[in-house]
Amino acid sequence: MTERLRLRVNEREVEVEADPLTPLQSVVHDLLGLRSVRLGCGVGTCGACTVLLDGEPARSCLVPAALASDREIVTNEGLPDDHPVRVTFVAEHAYQCGYCIPGFVLAATALLRDAPDPGPDEIDAAL
Ligand code: FES
């Protein structure tokens, strides 16, 4: 059964019609067209689906869309083109195949906000 869900994505209020248990990844990617929020493993291990949920990295494949209502959702599309993490990933050729890189960029953004000079253990844990 579907419901009308209100979400705040990249500083924009949106409404979608979806089953409240639909994974947030599917709602954001398929219904809102934000293609950076990709489905990889679908079980919370790969990070390809990472979004910032109230500023914290979240595996959106594991979050029922209804639980994201009235929370601040940020996807890679919500970062400015000149965001320092994005610019640095390009400058350092850190893109590998590119499929999961939006998740890495968001996880690194949250890490550097909380720990501007992280050590290897913090980087391992965050990424
Ligand atoms: Fe792999 Fe969500 S798709 S963690």
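Although no hydrogens or angles enter the test, the distance criterion places no donor-acceptor pair under 3.5 Å between the side chain of R59 and the main chain of G42.
The SG atom of C46 lies 7.5 Å from the OH atom of Y99; values are rounded to the nearest 0.5 Å. The structure places CZ of F89 at 8.0 Å from OG1 of T109, a figure rounded to the nearest 0.5 Å. Atom-to-atom distance recorded for R86:CZ and I101:CD1 is 11.5 Å, nearest 0.5 angstrom. For the atom pair CG (L53) and OG1 (T50), the distance works out to 11.0 Å, reported to the nearest 0.5 Å. How far CZ of R113 is from CG of L52: 7.0 Å, rounded to the nearest 0.5 Å. Within the model, atoms CG of L31 and OG of S26 stand 6.0 Å from one another, a figure rounded to the nearest 0.5 Å.
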Might you work through the side chain to side chain contact (heavy atoms under 4.5 Å, CB included) test for D30 and R35, ending with a clear yes or no? CA-CA 8 Å; D30 300 341; R35 301 293 186 210; 4.3 Å; yes
Kindly determine whether H29 and R38 satisfy side-chain hydrogen bond (donor to acceptor under 3.5 Å, both in side chains), including the steps that lead there. CA-CA 7 Å; H29 183 275; R38 297 175 177 149; over 6 Å; no
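Annotation for P118 and L111: closest pair CG-CD2, 3.9 Å, computed over non-hydrogen atoms. Taking all atoms of both residues into account, the shortest heavy-atom contact from N76 to G103 is ND2-N, 4.5 Å. The two atoms that bring P23 and C61 nearest to each other are CB-O, 3.7 Å, heavy atoms only. Heavy atoms only, all atoms of each residue included: T22 and A18 are closest at OG1-CB, 4.3 Å. A108 approaches L127 most closely through the heavy-atom pair N-CD2, 3.8 Å.
Each side-chain hydrogen bond (donor to acceptor under 3.5 Å, both in side chains) pair with one or both residues in residues 115-127, not counting sequence neighbours, would appear here, but there are none. For the side-chain hydrogen bond (donor to acceptor under 3.5 Å, both in side chains) condition, the pairs that include at least one residue of residues 8-21, sequence neighbours left out, are T2-E17, R4-E15, R4-E17, R8-E13, R8-E72, N10-T75.
Annotation for R6: atom CZ does not count as buried by contact number, only 12 or fewer foreign heavy atoms lying within 6.0 Å.
Two different hydrophobic clusters hold L79 and V87 under the rule that ILVMFWY side chains link at heavy-atom gaps under 4.5 Å. Under a hydrophobic clustering in which Ile, Leu, Val, Met, Phe, Trp and Tyr are joined whenever their side-chain heavy atoms come within less than 4.5 Å, directly or via other members, V28 and L39 fall into different clusters. In this structure, L62 is not a member of the same hydrophobic cluster as V9, with clusters built from ILVMFWY side-chain heavy atoms closer than 4.5 Å. Hydrophobic cluster membership is shared by L112 and V90, with clusters built from Ile, Leu, Val, Met, Phe, Trp and Tyr side chains linked at under 4.5 angstrom. In the hydrophobic clustering of this structure, V74 does not group with L24; members are Ile, Leu, Val, Met, Phe, Trp, Tyr whose side-chain heavy atoms approach within less than 4.5 Å, directly or through other members.
Between E56 and R71, none of the side-chain N atoms (NZ, or NE/NH1/NH2) sits under 4.0 Å from a carboxylate O, so this pair counts as no salt bridge.
Here the side chains of L106 and P57 are not in contact, with every heavy-atom distance at 4.5 Å or above.
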